[in-house]
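Data block below; observations after.
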Protein chains: 2
Amino acid sequence: MLAALIRAADFTSAQNLHQRLVEAGERVGLSTVYRTLTALADAGRADVVREPGGERLFRYRPSQEHRHYLLCRICGLGMPVDAEAVEVWAARTAATSGYADVQHTVELTGTCPACAGGDHSS
Amino acid sequence: MLAALIRAADFTSAQNLHQRLVEAGERVGLSTVYRTLTALADAGRADVVREPGGERLFRYRPSQEHRHYLLCRICGLGMPVDAEAVEVWAARTAATSGYADVQHTVELTGTCPACAGGDHSS
DNA sequence: CACGCAATGGTAATGATTTTCATATGTAGT
DNA sequence: ACTACATATGAAAATCATTACCATTGCGTG
């Protein structure tokens, strides 16, 4: 199942992943998918973003570092972005705000070149 | 009902707002609350953030500009932050990414001075 | 082999949001 | 003033992802 998530290589919802596994013949329960995904996220080996609809999307992360992504609103293609500036800004804001233990969530969404310039209308 | 949202002065969930209205004697349906809140958000007169639990929180915004907030994880107190750096970064990232129509979501969460240094343990 | 223990999977419960639909409210036209 | 039509409203039902339960399975140990 970890294999499946890695194979997905992009942001996937628990529902979607489960469905794909079942269709692939894997005998796995929705509960287990959620459990594994949540565990992965807790362990810091998966990134989580929240879809407008409220659904949570997971993506396997081989490395240890904190990442941010730019997701295509049409096809869902996710692209890691360099968020150094945001990290710095977040740290500074945290420091000057008086708030403690500040965490941040940054999500970019757009239309990827393929979908944008694209001919999805033809 | 708009009055109630303004009176709240801080991030409030639709459910919460509705409950408060009903308790205040206002005869209003949950549907209307959602409708109004969504309309406000669409019209750009309300900010929306998403709670970890998946709940949507709304906050009235008098001004027209795009804002970002730092929310206290304990008491929910929201504090507008200067996100100029993020805006710039987002714009630049949008430009270099090849993605079109890039939007961004930035949420900071932390523990506000009152809750942090606080004596919530005594 | 019996026992315990943690992981699993199916199902029911939860909770927020959306949809539906019949009703009330209001407006314009006659 | 009265009817016709559009719009906003509220109650309840439908939806959907996620979580909680619980009986069952698989496995290692005594």
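All chains are named by letter (A, B, ...) in the order of the sequence lines, taking the proteins before the strands, and each is independently numbered beginning at 1. Nothing here was measured: the structure is a model prediction, and the numbers come from that model.
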query = Could you run down nucleotides 9-20 of chain C 5' to 3' and tag each one B, S or - for protein heavy-atom contact under 4.0 Å?
reply = BBB----SBBB-

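By the salt bridge (charged side-chain N to carboxylate O under 4.0 Å, His left out) test, B/Asp42 pairs with no residue at all, sequence neighbours left out. Qualifying side chain to side chain donor-acceptor pair (under 3.5 Å) partners for A/Thr111, counting only residues two or more places apart in sequence or in other chains: none. In this view, B/Ala85 and A/Trp89 satisfy the side-chain contact (heavy atoms from CB on, under 4.5 Å) rule, not counting sequence neighbours. The salt bridge (charged side-chain N to carboxylate O under 4.0 Å, His left out) search around A/Arg61 returns A/Asp47, not counting sequence neighbours.
Protein chain B contacts DNA chain D over a range whose 5' and 3' limits, counting nucleotides with an atom under 4.0 angstrom from a non-hydrogen atom, are D/dT9 to D/dA12.
Applying the salt bridge (Lys or Arg N to Asp or Glu O under 4.0 Å) test to residues at least two apart or on different chains, the pairs with a partner in residues 8-19 of chain B are B/Asp10-B/Arg59. Sorted by first and then second residue, the ring pair (Phe, Tyr, Trp, His ring centres under 6.0 Å) pairs with a member in residues 64-86 of chain B read B/Phe11-B/Tyr69, B/His66-B/His68, B/His66-B/His104, B/His68-B/His104; sequence neighbours excluded.
Side-chain heavy-atom separations under 4.5 angstrom define the hydrophobic clusters, and the remaining members of the one that includes A/Tyr34 are A/Leu30.
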